[in-house]
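See structure below.
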Amino acid sequence: MTETVLLVGGGGREHAVARALADSDADLYACAGNRNPGIARLAEGFESLDTTNPTAVTAYAEEVDATLAVVGPEAPLAAGVADALDDAGVYAFGPREAEARIETDKAFQRRFMERHDIPGCPVFETFEDMDAACEFIDEFDGDLAVKPAGLTGGKGVRVTGDQITKAEAKEYVRDSSYERIVLEERLVGEEFTVQALVANGDVRVSPAVQDHKRAYEGDEGPNTGGMGSYSDATLELPFMDEDDYMEAVDVIEAVVDALDGYKGVLYGQFMLTSEGIKVVEFNARFGDPEAMNTLPVLNTDFLDVLTAARDGDSLPQLSFAPRATVCKYAVPEGYPTDPDSGAKVTVDEETIERVNERYRGEGGNGADVAVDGGSPPEVQLFYASVDEREDGIYTTTSRSFAVVGLADTISVAEEIAEDALEAAGDGVRIRHDIGKPDLVQQRIDHVAELRGE
Ligand code: AMP
Ligand code: GLY
């Protein structure tokens with residue numbers, strides 16, 4: 001039976017989901033606040049609507065006779081969109097509002113970890129009284145992370161000893177109007193993400209990915225939603241071993257057990273520290289950009305996962321192509337603090353195609369790239385938070401588009417992503433250092449140093 005899938009959300013992550021379903025036996029419909037040209041091209045219908053309005057999303061799902069839905073971003077989950085779809089008889093792959101609190105309420109998340117004895121929880125306290133929070137900052141022996149309890153698009157956390165001083169942390173706590181915050185010990189190490197597809201008690205994990213949160217090269221500047229990311233041809237990253245990966249998987253499984261009935265993606269953000277794995281946070285959805293690393297290498301039909309989840313069946317085992325990926329985002333000038341929204345963006349898709357032909361060896365000098373028995377390197381373009389209008393594509397306040405290189409090694413994947421970035425017109429900013437051998441080596445050296453090797 002052909003499924004009718006409604007995809008909620010219009011970012012790069014959702015374009016990756018749309019592409020993962022493109023060869024499946026599914027008619028795709030999508031809705032988002034912005035018209036994402038990549039998704040619109042793959043969909044039978046694309047509706048502009050407020051995805052945090054459960055009534056509007058459900059009405060569109062019913063209009064197109066959706067048999068399934070995938071909810072991409074956190075804001076609709078926090079607004080109860082999965083609940084509304086489920087209640088309307090459209091199975092949503094995405095947690096209900098109560099379970100999404102694992103992401104949407106960081107105070108709940110930490111207390112949940114404590115209550116259920118989930119390994120990897122840092123020392124923390126939650127506060128509603130900001131004077132008490134400031135006292136805690138003064139008295140805490142060591143550096144801290146200040147985390148607003150609610151959603152901030154990845155931009156609300158401030159870390160002392162890294163981005164700010166303790167005096168600035170107190171100022172931040174006092175001057176911002178957050179109602180609740182979490183203060184926790186600063187974790188030092190290398191971050192990585194593991195995303196799991198979860199339903200009916202099954203947990204299916206995907207390769208580890210490293211995101212780059214900071215806005216500027218060399219990990220400088222403010223936090224962003226993520227400027228780019230890489231994964232290796234194995235489940236692990238070059239700075240970690242199989243035991244580290246398995247430790248992260250154990251944490252995810254413990255969370256799923258404790259949540260009881262969770263469905264959707266559970267995303268674990270981990271810090272590999274000198275004392276093993278610690279949890280930075282959980283998200284109730286695919287990562288953005290991380291979805292663009294893992295979905296392009298997923299060989300299993302994603303639709304089979306969705307239908308098994310809906311039908312109460314065991315989820316299929318996942319198979320991933322042994323390919324490294326490097327994703328680089330192009331973001332509006334001024335992102336994240338003062339993004340230049342409403343600016344025209346150009347992406348020369350022919351450049352992307354030319355790069356692919358070159359590496360395929362069809363149209364040029366691709367033969368100088370080693371291919372170890374796998375597929376030739378390739379690049380994929382993902383549109384993100386841009387808005388397609390009659391006369392072109394315009395920036396919004398968030399990330400514009402991404403290119404993802406796929407190859408046998410991270411370094412070749414990085415090279416092809418860079419080649420493809422020639423497609424980017426003016427007015428966007430890119431962290432070119434992501435996935436380059438120097439930066440990857442720094443990560444390896446950092447962990448070796450932490451482990452006293
Ligand atoms: P979050 O919004 O929880 O994803 O946090 C954003 C970023 O802040 C993370 O990716 C980390 O880089 C950083 N961060 C969060 N919590 C901590 C912590 N306890 N120690 C150090 N860095 C942290
Ligand atoms: N890349 C981080 C996130 O999706 O939250």
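We count ligands from 1, going down the list as the structure has it; atoms in each ligand are counted the same way.
By the 4.0 Å heavy-atom criterion, G287 is counted among the residues contacting ligand 2. The closest approach between any non-hydrogen atom of R285 and ligand 2 is below 4.0 Å. Residue contacts with ligand 2 leave out E74, since none of its heavy atoms falls under 4.0 Å from the ligand. Within the structure, ligand 2 lacks S229 among the residues with a heavy atom less than 4.0 angstrom away.
Side-chain atoms of H432 and E217 include no donor-acceptor pair closer than 3.5 Å.
At a heavy-atom distance under 4.0 Å, only side-chain atoms of E191, from C-beta outward, approach ligand 1. For V159, every heavy-atom contact with ligand 1 shorter than 4.0 Å involves the side chain, none the backbone.
Salt bridge absent: D129 and R180 never bring a charged side-chain N and a carboxylate O closer than 4.0 Å.
Remark: R399 is not positioned above the aromatic ring of Y335, lacking an NZ or CZ atom under 6.0 angstrom from the ring centre and at most 45 degrees off the axis.
Scanning T193, V157, T152, T224 for the heavy atom closest to atom 13 (C) of ligand 1 points to V157.
Of the N or O atoms in R186, none lie within a sub-3.5 Å distance of an N or O in ligand 1.
Between Y267 and F286, the distance separating the two ring centers is not shorter than 6.0 angstrom.
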